[in-house]
Structure formats: structure tokens, C-alpha cells
**Q** 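Dropping the structure in here first, questions after.
Numbering of ligands and ligand atoms starts at 1, following listing order.
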Amino acid sequence: MDAIRVRFAPSPTGSLHIGGARTALFNWLYARKTGGVFVLRLEDTDTERFIAAAAEGIFSTLRWLALGWDEGPDKGGPFGPYAQSERKPLYTAEAQRLLEAGSAFRCYCTPDELAQHREEVRKRGEVARYSGRCRHLTEDERRAKEEQGIRPALRIAAPAEGTTVVTDLVRGEVSFDNRASFDDYIIMKSNGMPTYNFACVVDDHTMGITDVIRAEEHLSNTPKQIIVYHALGYPLPRFAHVPMILAPDRSKLSKRHGATAVEEFREQGYLPEAILNYLALLGWSPGDEREVMGIEEIVSMFSLDSVSKHAAIYDVKKLTWINAQYLSNLPIERVVETVLPFFQARNLVSDQPATQEMEYAIRVIDAVRSRIHTLVELADASAYFFSADFSYDEKGVRKHFTKEGVAQVLTRGREALARVEPFTLEETEKAYREVIGGMEISGGALIHPTRLALSGRTVGPGLFDIIVILGKEKCLARLDRAIAFVNACKA
Ligand code: GLU
């Protein structure tokens, strides 16, 4: 078998969404799995809708996800250029070939004429399709149209009878009735630009693509493209249409279902590792219960045979759960690297942190990272380690700061901590146990208000971890502040 070549071919009309990223991932996985080549192609012929920044945005999101490509617009390769806007001469030449072979024809119908025809057909209760009017124009008729200054579009001369069968690696054989599925559709617009179904075929062939892996939404385009393959005398690639991604209520995924752009997840503090892991599960599974899998493991398990025919359900909760797993289990250096910009954005850590500042941040991150879902949450839940400028959780105040004698309990805790040397986990805990024993109170009666005093919160890492990371000086100052607060409440 020839070396596998697959491609991801985004249209730069917006940012990269979950669906596009999943298509990119499946192509990438297949290339990595088979030792093949992953090509990135920009489908930017739709000039009006082309947004230059969108292309750059898509590239940068793919890079952030670590879905690197082997050939593409930015890095070239043996089959370039890789942006369709730079391949016009090729489409023109291939269209000319079809024209000469009689497999395509010039169409001079104006938009008004086409609309009128559609209307008539609709009135008769038939499916609107091109009338075939310009298929058999004589030379004279053509010349007359040209003299009127009408610039023709090119249409493929498509079969109006029979069926076209798509053999799909995921869906098996899918039959399309030619008459119902397409007409003599336009392959080159009158402005000289190719349409998607034509450019895509010319590119997939000339770029040596062996496997076209794309979303199920494109399945209905495939018979149209097969006609072009046949007309141009190109061999067919293999096709694999990966299943639809639906919202939890099985409706089409849209804005109202929350974030779907990968960038939004990036901003909310999701890790690329977690997003890739989640995307891999949208339409694929390793065949067992495994859900949290590193990318190497996914590559080794991946095959198109195990891609499902059934729609995948998009579930942000699952993604968030996977993200939490990665946050608690990735090597601490990796979590630190990704969360640092979030800390810096909140001014918790300086832009160029000195070694000591970094060491402190690492200890905080390591203590806080379990039970956390996103990097934003992690920065949030770490803030009190860097600044005493926090208010006390209101419920916590009612529960722990209004108890009879709490000022005295906190004072005893403070005195005990002041005496502790060295200020370690064991010693601070021992000192607290002695206060608890000495005052004959429950552990919680000292531990809960201390946590609130030190962090403003009622939940978080182990109290003695907090105490030791903060250090003696900060603990004593925060306990003083809490004691004053409690006394002021009473007064
Ligand atoms: N530009 C098309 C899209 O973004 C590519 C479809 C294909 O992969 O053939 O949907």
C-alpha cells in the first residue's frame, strides 16, 4: 500500500470549532498511526468570506493543540502551494480539460433566469435542478451570449440517471440516486473561482491524498465529487466520514449550547491534552472502558475501523471532568507551565518570576491542583496564597466565626503557631493537636475557623499544607486579622 496521505482542509471563515478540531485530530491520528503524512490545506477560494486573521487563528489553535502538520501553507512541501487561492491556474487547466472532453460546459444563465426556472419547477412540485439549458448550445448561440458580455460559469455534465455508490470506511456502501442528489452543478464560477466540490477533488488528487477523512456533513458532497474524479480520470481515494457531533438534546450543535470554539476553552483554562483526549472520544473509543488516555496511547489504539457510525454527543461536563484528571495527574512542571499565564493575568505572579517566586508558585499549584477543573479555577483557588486582600466567605463566617469563644480559640491557635519551630507539617499539626486537646474542643472547632482566617474559604487543600506554604509570618498576620474581625462582629 502507498504511504498514507491525509489532509485537514479548513475554510478560514471563523475560528476552529470542536467539530473541525475533531476532524483534524482524526486525520492527524491516522497519519501518526500509519506513519503517513498529514497535510494542511487552506480552502480560501470563497474570497468574500475569507478572513485572513481566521486562517492564522486556525493555524495557531492547531499548534496549541500540538496537531502539527507535515506540509501546509506556512511550511510548503512537494505538492504546494497549499492555499487554494494560489492554485487557480491548476483549476482552470483541469476545467479546460473537462470542457474539451465534453464533460463540462459553459453556462450563460443569469441569476435571474436561474431563479425564474427554479420557481417554475417548484410550482410544478418538482425538485429544483438545473434545466440543462446551456448543455447543448450551438457555436452561434454561444457567440451571441459572449457578445452580450455574459461571462459563463462552468458546469459539470452530470449523469441524470442511475446511482453513485460511495464506499466509506466508516459507513460502508452508501448509494445516492443521481437524479435526486445533484444536477449539472457549477465547478467554476463566472468570476473564475472554482467551487468547493471541484477544487477539493483537484487538490486531493494532485496532493496525493489517499484517504479523505472528513465530517459526515460532507457525505452528500462525495457523490458529486466522485463524478469529477471519474470525469478527470483520477482514481478514487478512500473515504471515511466521521460521525456528526450533536448537542446533548440531539439537536444540531450551536452557540446556545455554550462554548464550541477551541479558543474559548483555551481561555477558560482547559489543557490541550485534555481537549485532544476528549475530542478523540467523539466518535471513537478504544473498545473498552478507558477514557483518560494520553495522546501516545490514543495513537497506538486508533483505527478507522473503530470509528462509530452513530452521532457523538457533545458533553462539556465530560470534557471538564477529563480536564480535572489532567490537572491532577500531569507532571507538575507541565501544569505550572500552562497555568502561569493565568496567574500572571491576575497579577499573582510577576511576568519574569525570580527562582524563589517560582518555587513558591509551584508549591501552591501542587497543593491546590486536585479537585480543580480548569486553569481559571486553579488561579482563583490559589489567589489567597499570594495576597491577603480577600474577604471571608459569608457562609463560612456565619458557621465558623460567630461561634461562642471562637476569638479565644483562634488566639490560642495563633500563640501555638508562633512558638512552632521548625515550621513544618508535623510540628504545626502537633502544636494544633495540643491546643485542641488542651481546650477540650473538637478538631473542627479550631481547624475550620483557622482555614477561613488563612484563606477566606471553607474548602481547599489540607490546612497544614496551607499553613506551611504560607509560612509563620503570614499565618500570624492573617490570624490577627481574623481575631479582630470576629471581635468587631461581636461589638
Ligand atoms: N473546506 C471544507 C470544510 O471546511 C473541507 C471539507 C473537506 O474536508 O472536504 O468543511
**Q** Distance under 4.0 Å to a non-hydrogen atom of C200: what atoms of ligand 1 satisfy this?
**A**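 Every atom of ligand 1 under 4.0 Å from some heavy atom of C200: 9 (O).
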**Q** With respect to Q225, determine whether any N or O atom, backbone or side chain, lies less than 3.5 Å from an N or O atom of ligand 1.
**A** no
**Q** What's the shortest distance from atom 5 (C) of ligand 1 to any protein heavy atom, and which residue and atom give it?
**A**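 Result for atom 5 (C) of ligand 1: A9 O, 3.2 Å.
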**Q** If you count the non-hydrogen atoms of other residues, nucleotides and ligands that lie under 6.0 Å from CD in Q356, is the total more than 12?
**A**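 No, not enclosed.
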**Q** Would R133 count as a cation-pi partner of Y130, with NZ or CZ less than 6.0 Å from the six-membered ring centre and within 45° of the ring normal?
**A** no
**Q** Show me which atoms of ligand 1 lie under 4.0 Å from any heavy atom of R214.
**A**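 Here the atoms of ligand 1 in question are 7 (C), 8 (O), 9 (O).
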**Q** So which bit of S11 gets within less than 4.0 Å of ligand 1, heavy atoms only: side chain, backbone, both or neither?
**A** both
**Q** Which of the atoms in ligand 1, numbered in the order shown and given with their element, are less than 4.0 Å from a heavy-atom of Y196?
**A** 5 (C), 6 (C), 7 (C), 9 (O)
**Q** For residues F198 and Y185, establish whether the separation of their ring centroids is below 6.0 Å.
**A**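 Between F198 and Y185, the centre distance exceeds or equals 6.0 Å.
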**Q** Hey, is F8 one of the residues with a heavy atom under 4.0 angstrom from ligand 1?
**A** no
**Q** So, R5 side chain and V37 main chain: donor-acceptor pair closer than 3.5 Å or not?
**A**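 No; zero donor-acceptor contacts below 3.5 Å.
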**Q** Considering only protein heavy atoms, which is closest to atom 10 (O) of ligand 1, and at what distance to one decimal place?
**A**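 In this structure, atom 10 (O) of ligand 1 has H218 NE2, 2.8 Å as its nearest protein heavy atom.
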**Q** In this structure, which one of F265, Y278, W64 forms a ring-ring contact (aromatic ring centres under 6.0 Å, His included) with Y270?
**A** F265
**Q** Do M301 and R290 have side-chain heavy atoms sitting under 4.5 Å apart?
**A**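 Yes, their side chains come closer than 4.5 Å.
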**Q** Which atoms of ligand 1 have any heavy atom of E43 under 4.0 Å away?
**A**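 Answer for ligand 1: 1 (N), 2 (C), 5 (C).
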**Q** Can you find a non-hydrogen atom of E217 under 4.0 Å from ligand 1?
**A**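 No.
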**Q** Would you please say whether a donor-acceptor pair under 3.5 Å links the side chains of D44 and Q84?
**A**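 Distance-only check fails for D44 and Q84.
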**Q** What is the nearest protein non-hydrogen atom to atom 8 (O) of ligand 1, stated with its residue, atom name and distance?
**A** R7 NH1, 2.7 Å
